[in-house]
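Values in this document were obtained by computation on a predicted structure and should not be read as measured data. Worth knowing before you read on, the calculation uses all heavy atoms, side chains too, and leaves out hydrogens, waters and symmetry mates.
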Amino acid sequence: MDALFGTFDQGTVIHGTEHIPTASLVWSEHKNFAGVFLKNLIAGEDTGGLLSCHLVRIEPNMFIGLHSHPDSMELHEVVAGSGRCETQNGIFPYAPGTISVIPRNMPHEVHAGENGLYLLAKFVLLKP
């Protein structure tokens, strides 16, 4: 599945007049959740805090623990692997092709299955 995400390394992030090869962007370990890695494609500071977009790789049987986003809506697009997202509305299976909208302030956690989980995650700032 790393090869699938590797497809993004052949691409480009186009933002205004900037063209940034995605291969030049680094994977970082999540500061709060072990086994979770992020590649920031578009950082919030690049859009005045209105939008951010990240590739997210969750290692097999690891998870992003319970958290919420008070100022933004989150969109998950499952690219590869499997797992589940848990919210107060239920437990939802994640498989390639799943798109999940997580409202502002909704506590959620994301668990990877035995083969890991690969997401494209987008955050959109919502006005209070």
Side-chain angles (χ1 to χ4, degrees):
M1 279 182 274
D2 284 329
L4 181 61
F5 255 26
T7 300
F8 284 98
D9 284 337
Q10 299 168 20
T12 303
V13 175
I14 300 169
H15 179 65
T17 59
E18 282 193 85
H19 290 72
I20 305 161
T22 53
S24 70
L25 302 172
V26 298
W27 284 100
S28 309
E29 189 164 4
H30 195 287
K31 64 181 181 177
N32 296 322
F33 304 112
V36 178
F37 299 87
L38 306 169
K39 182 179 268 205
N40 297 324
L41 301 176
I42 300 170
E45 55 265 13
D46 296 332
T47 64
L50 298 175
L51 171 74
S52 65
C53 183
H54 318 272
L55 296 176
V56 181
R57 184 179 78 228
I58 307 173
E59 297 295 317
N61 302 310
M62 300 301 286
F63 65 96
I64 299 172
L66 191 64
H67 67 288
S68 64
H69 305 282
D71 298 322
S72 60
M73 176 182 294
E74 185 172 2
L75 177 74
H76 291 164
E77 297 176 64
V78 180
V79 176
S82 65
R84 68 185 187 278
C85 182
E86 298 182 9
T87 74
Q88 63 196 34
N89 292 334
I91 299 173
F92 306 99
Y94 270 15
T98 300
I99 298 172
S100 177
V101 177
I102 302 169
R104 170 185 21 209
N105 278 328
M106 172 145 322
H108 60 284
E109 53 186 61
V110 180
H111 295 258
E114 61 186 34
N115 293 316
L117 183 62
Y118 295 74
L119 305 171
L120 182 57
K122 300 170 187 168
F123 298 85
V124 178
L125 178 70
L126 299 173
K127 301 287 183 186

Peer 1: Taking atom CD1 of I20 and atom CD1 of I42, what is their separation to the nearest 0.5 Å?
Peer 2: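 So the CD1 of I20 and the CD1 of I42 are separated by 8.5 Å.
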
Peer 1: Hey, what do you get for CD (E77) to CD1 (I99), rounding to the nearest 0.5 Å?
Peer 2: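 Output value for this atom pair is 5.0 Å.
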
Peer 1: M73 pairs by side chain to side chain contact (heavy atoms under 4.5 Å, CB included) with which of L126, N105, L125?
Peer 2: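 The option that passes is L126.
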
Peer 1: Rounded at 0.5 Å granularity, tell me how far NE2 in H108 sits from CD1 in I64.
Peer 2: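 One finds 7.0 Å between NE2 of H108 and CD1 of I64.
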
Peer 1: Which heavy atom of K122 sits nearest a heavy atom of C53, and at what distance?
Peer 2: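 Answer, listing the atom of K122 first, then C53: CG-SG, 3.8 Å.
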
Peer 1: Looking only at heavy atoms, what is the nearest atom pair of F37 and E29, with distance?
Peer 2: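 For F37 and E29, the tightest heavy-atom pair comes out as CD2-CA, 3.7 Å.
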
Peer 1: Which atom names give the shortest non-hydrogen contact between S68 and P70, and what distance separates them?
Peer 2: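 Smallest heavy-atom distance, with atoms named: O-CD, 3.7 Å.
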
Peer 1: With a 4.5 Å limit on heavy-atom distance, are the side chains of P60 and E114 in contact?
Peer 2: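 Contact flag for P60/E114 side chains = no.
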
Peer 1: Does F92 share a hydrophobic cluster with L117, counting links as ILVMFWY side-chain heavy atoms below 4.5 Å and allowing steps through other members?
Peer 2: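 Different hydrophobic clusters.
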
Peer 1: Counting heavy atoms not belonging to Q88, are there more than 12 under 6.0 Å from its CD?
Peer 2: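 Yes - once you tally the heavy atoms of other residues, nucleotides and ligands closer than 6.0 Å, there are more than 12.
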
Peer 1: Nearest 0.5 angstrom please: L38 CG to K31 NZ, how far?
Peer 2: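 These two atoms lie 10.5 Å from each other.
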
Peer 1: Within the side chain of T87, is there an N or O that forms a donor-acceptor pair under 3.5 Å with the backbone of N89?
Peer 2: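 A pair under 3.5 Å: yes.
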
Peer 1: Would you check if D71 and F123 make a side-chain contact, meaning some heavy-atom pair closer than 4.5 Å?
Peer 2: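 SC-SC contact between D71 and F123 ruled out.
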
Peer 1: Of all the heavy-atom pairs spanning T47 and L51, show the shortest one and how long it is.
Peer 2: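 Distance-wise, the nearest heavy atoms are OG1-O, 2.7 Å.
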
Peer 1: Group every Ile, Leu, Val, Met, Phe, Trp and Tyr by side-chain heavy-atom contacts under 4.5 Å, then state whether L50 and L75 land in the same group.
Peer 2: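 No, no single cluster joins them.
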
Peer 1: Indicate the ring-plane relationship of H67 and H69, choosing parallel, tilted or perpendicular according to the 30° and 60° boundaries.
Peer 2: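 Rings of H67 and H69: perpendicular, over 60°.
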
Peer 1: Could you pull out the closest heavy-atom pair between D46 and H15, with the gap in Å?
Peer 2: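 Taking D46 first and H15 second, the nearest heavy atoms are O-NE2, 2.9 Å.
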
Peer 1: Can V79 be reached from W27 by stepping across I, L, V, M, F, W or Y side chains whose heavy atoms are under 4.5 Å apart?
Peer 2: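 Looking at the clustering, V79 is in the same group as W27.
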
Peer 1: Measuring from Y94:OH to L119:CG, what's the distance to the nearest 0.5 Å?
Peer 2: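 So the OH of Y94 and the CG of L119 are separated by 6.5 Å.
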
Peer 1: Between K39 and A23, which heavy-atom pair has the shortest distance, and what is it?
Peer 2: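 K39 and A23 have their closest heavy atoms at NZ-CA, 4.5 Å.
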
Peer 1: Please verify the inter-ring angle class for H111 with F63; under 30° counts as parallel, over 60° as perpendicular, anything in between as tilted.
Peer 2: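 Parallel: the ring planes of H111 and F63 meet at under 30°.
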
Peer 1: Between V56 and M106, is there shared hydrophobic-cluster membership here, with clusters defined by ILVMFWY side-chain heavy atoms closer than 4.5 Å?
Peer 2: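 The answer is yes; both residues are in one hydrophobic cluster.
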
Peer 1: How about L41 and L55: do any of their side-chain heavy atoms sit closer than 4.5 Å?
Peer 2: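 Touching, per the 4.5 Å side-chain cut-off.
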
Peer 1: Calculate, to the nearest 0.5 Å, the distance between atoms CD1 and CZ belonging to I102 and R104 respectively.
Peer 2: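 If we round to the nearest 0.5 Å, I102:CD1 and R104:CZ are 14.5 Å apart.
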
